[in-house]
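First comes the structure, then the notes that go with it.
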Amino acid sequence: MKDSPQDRALIEAAQAGDSKAFETLLQLHYDRLYRFACKWCGNPNDAQDITQQACIKLARSLGQYRFESSFTTWLYRVVVTTAIDWYRSEERHVHDDTEQLPEASTHPSEDSSVYLQQILKKLESWGEGFKSTLLLVFAEGLSHAEAAQVLDVKESTISWRIHQIRKKLSLLNKEAG
Amino acid sequence: MNENELKKLLDNSEQSPNPQAKQEAIRTAVNAFEAMHAQQKIAEPIDDKKTEKKSQGLFSWLRLTSSSNKMNRRTPMNKPRFPQQRWFLGGVATASLAFFGLMLATYHPAFKTPTPMDMDTYELNLPEPAKKPSLPEREIQTEFDSAAAPPAESAMLDALSKDKRGQLPDAELMSTPGLARAKITTEKRAQQTGFMAERKLMADDAYTHPSFQAEGKDRFENFETNPIKLTSEEPVSTFSIDVDTASYSFVRRQLKQGVLPQKDAVRLEEMVNYFDYHYPLPDARNEPFSRNITVIDAPWNDKKKLIHIGIKGYELKEQPKSNLVFLLDVSGSMASPDKLPLVKQSMNLLLSKLRPDDTVAIAVYAGAAGTVLEPTPVSDKQKIISAINALQPGGGTAGAQGIKLAYQLAETSFKKDAVNRIILATDGDFNVGISNTEELKGFIERKREKGIYLSVLGFGSGNYHDKLMQDLAQNGNGVAAYIDTLSEAQKVLVNEATSNLFPIAKDVKIQVEFNPASVSEYRLLGYETRTLKREDFNNDAVDAGEIGAGHTVTAIYEITPKGSGAELVDGSRYTKTEAGSEKGDEYAFLKIRYKLPKENKSKLLSSPISKHTKADATALREANFATAVAGFAQLLKDAKYTGEWTYQDAIALAQEHKGNDEYGYRTELVQLIRMASIAQEM
């Protein structure tokens with residue numbers, strides 16, 4: 001993933017304090033963040049929240065971006081972190097939100113979404129990092145190396161996780177069949 | 001489900017963002033962005049000129065603020081830095097407190113080196129340097145000051161290093177200030193020895209201060225009493241002789257304090273060999289020792305018999321030359337009156353036994369090792385005595401380093417025709433510097449092959465590391481003696497000086513083969529820590545014990561004659577007992593292997609032990625006394641084979657056979673048995 005020169009100019013301007021440049025950056029990349037968040041939580045309301053959080057986080061931490069990795073990688077890292085944090089705080093307040101839960105099921109593609117979320121839940125139970133690995137590699141189409149950069153682990157770890165996911169999913173399949 | 005299905009699911013769950021929400025999110029973020037930059041602008045009004053202090057906010061990253069409380073710590077961006085880890089600051093604080101507590105707990109006034117009071121005024125009494133113009137005045141002064149005032153030590157070291165270091169065998173080892181006090185080189189000292197020796201002796205009295213007494217940390221090797229063996233199953237018994245006496249002295253010390261000794265401290269053979277037995281001297285020099293075999297009834301079971309094997313080395317007509325290096329532990333733990341002061345007295349005693357052309361050197365170790373006296377002929381006795389008397393305790397214990405230094409000294413004054421020996425005096429604690437005793441033992445072993453032997457004198461109790469002392473002495477072809485009183489020092493270093501210093505045979509091994517036709521069971525009394533494998537007897541590479549000039553060594557076997565009815569093990573129903581072999585009147589066959597001190601090939605002596613051994617009255621008396629000691633040792637350690645026999649019986653047996661008892665050692669044994677019986681009742 002190479003940053004476009006346009007991105008680079010915008011980032012440098014935003015780091016210097018240009019709020020217009022920052023806004024443009026967000027306009028360009030919001031959709032990508034939102035889509036990822038959507039897949040993460042399977043719920044547009046939560047996804048909006050997560051994306052907003054991620055945007056605010058970007059505003060605060062853009063100055064720390066050092067062009068060492070590509071900007072997209074860095075964005076993914078921010079949104080993954082935000083999503084994990086958001087879920088944790090959500091778990092803590094889960095009783096507050098119980099009445100809001102049915103809202104999610106009003107969506108048309110409800111069934112598949114619920115099914116996906118079940119799979120993702122399962123993935124989470126295997127351990128840290130499986131869910132984000134799956135989303136980054138399968139849904140976002142990142143290479144193992146790029147996913148490794150986002151999650152700050154070794155590339156071999158990502159490959160191993162993907163291998164595990166494939167193996168276990170086929171097992172799930174057999175059980176279901 | 002396969003991957004494709006999953007990907008499809010993922011794609012399906014994708015939804016285009018709500019533009020309203022998008023704009024709202026972006027607006028919020030931009031607001032946050034602007035707010036942050038506005039703040040930065042206020043904080044840095046002149047951006048390009050960094051006027052703020054560099055140190056400002058230097059430690060803000062250490063503060064545990066809300067921003068440092070990252071919820072997702074696994075993500076590297078959020079990882080707290082090392083000193084921000086929750087345990088770090090608390091850990092540092094706890095460690096400081098623990099260290100302070102430790103300092104408080106270990107501080108003890110007795111560890112402090114006392115300042116002799118009568119030393120300060122010395123330089124006034126000094127003769128003018130004109131008397132000896134080559135010696136600068138400053139040196140004399142610092143030298144005396146150094147004995148009194150620690151701050152002057154480094155000054156003295158400076159003075160020393162100018163002209164003296166080159167002469168010392170190991171300049172590096174010498175440079176430790178902690179030892180500077182003891183390092184007054186003898187050349188200069190000799191000029192003042194006349195009055196110095198006197199003053200130092202007086203000062204010594206002032207050093208005797210309330211002592212530090214460690215309790216209950218004496219370490220002994222654990223061992224089991226030799227079991228009864230069946231002659232038919234294991235007819236051969238092999239062991240190495242043991243001339244050490246440390247166990248008896250240690251047991252005596254414990255008993256005199258009114259407590260029974262630890263069982264592992266009781267080594268029967270060392271208690272038996274503590275006493276000198278009147279065995280006849282060997283006739284010829286080609287056989288360095290006489291063998292004396294006596295068979296008596298066992299006092300604790302009249303159906304059993306005791307076979308005494310007594311060995312006596314020949315006496316030297318002329319004392320050989322010796323090159324001794326004393327290695328003294330002067331660590332803080334040696335301060336109590338029964339340690340370093342006793343060491344000094346013991347050394348003075350030993351000096352009286354040496355020939356004028358013998359050499360003596362003294363190395364000390366505490367926090368570090370150093371030379372106090374370079375090899376000096378005994379004819380210069382005054383110099384040696386004053387060096388001994390100048391010793392003071394203080395510091396930790398770096399035994400291994402000290403041993404290396406002592407060997408260096410012994411090598412510099414090595415004499416081919418003399419006995420080269422290091423005498424290590426310690427309270428047994430090598431608590432600094434040495435982590436690997438195996439390595440140390442290997443080192444001593446290699447030096448032994450070069451002809452330098454090592455003996456160990458143990459002092460004090462409470463922290464006595466018996467096992468290590470035994471190991472060192474065994475590997476160094478020396479004796480391990482335990483010195484608890486001045487009379488014990490007299491015994492070990494004066495009366496038995498020749499036997500303890502001058503070996504006449506080394507690697508002495510005993511092998512006894514019992515005759516299954518006449519002996520059904522046997523048991524070796526003691527020597528548990530010295531047993532050898534049967535095949536080691538003929539293997540000259542296997543190390544064993546030494547015999548010194550005039551030494552006596554006694555080994556006792558308890559046997560059950562065939563058909564006596566006292567067998568503890570039932571006979572086998574199926575094994576045929578061979579009927580009446582032709583050597584039916586022999587109990588056993590004794591074989592002894594030894595090497596002469598300078599040789600590496602062993603010689604063999606052998607003789608049968610007959611049922612009808614005749615013994616004269618003296619031999620019987622000696623055997624009975626040895627039996628009393630052995631019985632006493634068994635009562636102390638493990639009375640499972642002595643039946644109804646009591647301390648009172650031991651007293652009676654010892655009293656009856658103590659002979660003329662020139663030095664009173666045997667009478668002392670009787671007293672000790674009484675003390676043991678009292679301690680037992682309590």
Side-chain angles (χ1 to χ4, degrees), chain A residues 14 16-20 22-23 26-27 30-31 33-35 38-39 42 44-45 47-49 51-64 77-78 80-81 84-85 88-89 107 109 112-113 115-117 119 128-129 134-135 138-141 151-152 165-166 169-170 172-173 176, chain B residues 1-48 50 57 60-61 65-81 84:
Chain A
D18 184 347
S19 58
K20 270 275 173 303
F22 180 69
E23 193 180 334
L26 288 186
Q27 295 285 4
Y30 180 90
D31 292 5
L33 296 180
Y34 176 79
R35 276 203 309 272
C38 245
K39 285 169 205 157
N45 290 335
Q48 275 173 20
D49 281 359
T51 320
Q52 185 165 4
Q53 289 280 333
C55 286
I56 294 169
K57 210 171 196 171
L58 275 177
R60 295 222 178 98
S61 56
L62 187 69
Q64 292 161 17
R77 192 185 280 196
V78 171
V80 167
T81 320
I84 292 173
D85 282 358
R88 285 219 182 117
S89 59
H107 194 267
S109 65
S112 63
S113 168
Y115 186 37
L116 179 68
Q117 284 310 310
I119 292 171
E128 177 100 8
L134 176 105
L135 291 179
F138 285 175
E140 303 296 313
L151 299 176
D152 199 30
I165 291 168
R166 286 197 175 123
L169 283 183
S170 68
L172 274 182
N173 204 21
Chain B
M1 173 195 335
N2 61 32
E3 210 180 305
N4 288 332
E5 281 176 90
L6 183 69
K7 278 188 179 155
K8 215 178 280 167
L9 264 180
L10 284 167
D11 287 343
N12 283 344
S13 73
E14 216 173 273
Q15 288 159 24
S16 50
N18 180 339
Q20 204 184 332
K22 177 178 171 180
Q23 293 316 319
E24 197 189 323
I26 290 175
R27 206 170 50 244
T28 327
V30 169
N31 281 344
F33 182 83
E34 279 174 346
M36 196 184 74
H37 280 272
Q39 254 179 1
Q40 273 178 4
K41 285 222 174 82
I42 295 161
E44 315 167 27
I46 315 155
D47 203 16
D48 46 357
K50 292 265 178 191
S60 58
W61 54 272
T65 59
S66 60
S67 67
S68 60
N69 181 20
K70 306 289 186 345
M71 279 184 294
N72 178 15
R73 281 159 195 274
R74 287 185 187 80
T75 314
M77 264 170 72
N78 289 339
K79 209 166 194 165
R81 270 168 275 206
Q84 265 182 343

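In what follows, chains are A, B, ... by sequence order, proteins preceding strands, each numbered from 1.
The two residues A:Ser19 and B:Val30 make their nearest non-hydrogen contact at CB-CG1, 4.3 Å. Of all heavy-atom pairs between B:Ala25 and A:Cys55, the closest is O-CB, 4.3 Å.
A:Ala54 does not touch chain B: none of its heavy atoms, backbone or side chain, sits under 4.5 Å away. Contacts between A:Leu58 and chain B at a heavy-atom distance below 4.5 Å are absent for every atom of the residue. Heavy-atom distances place no part of A:Asp49 under 4.5 Å from chain B, backbone and side chain included. Heavy-atom distances place both the backbone and the side chain of A:Gln27 under 4.5 Å from chain B.
You'll find the side chain of B:Arg27 stays beyond 4.5 Å of the side chain of A:Glu23, heavy atoms only.
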inquiry  = Test side-chain contact (heavy atoms from CB on, under 4.5 Å) on B:Lys22 and A:Asp31; report intermediate values, then the result.
reply    = CA-CA 8 Å; B:Lys22 177 178 171 180; A:Asp31 292 5; 3.2 Å; yes
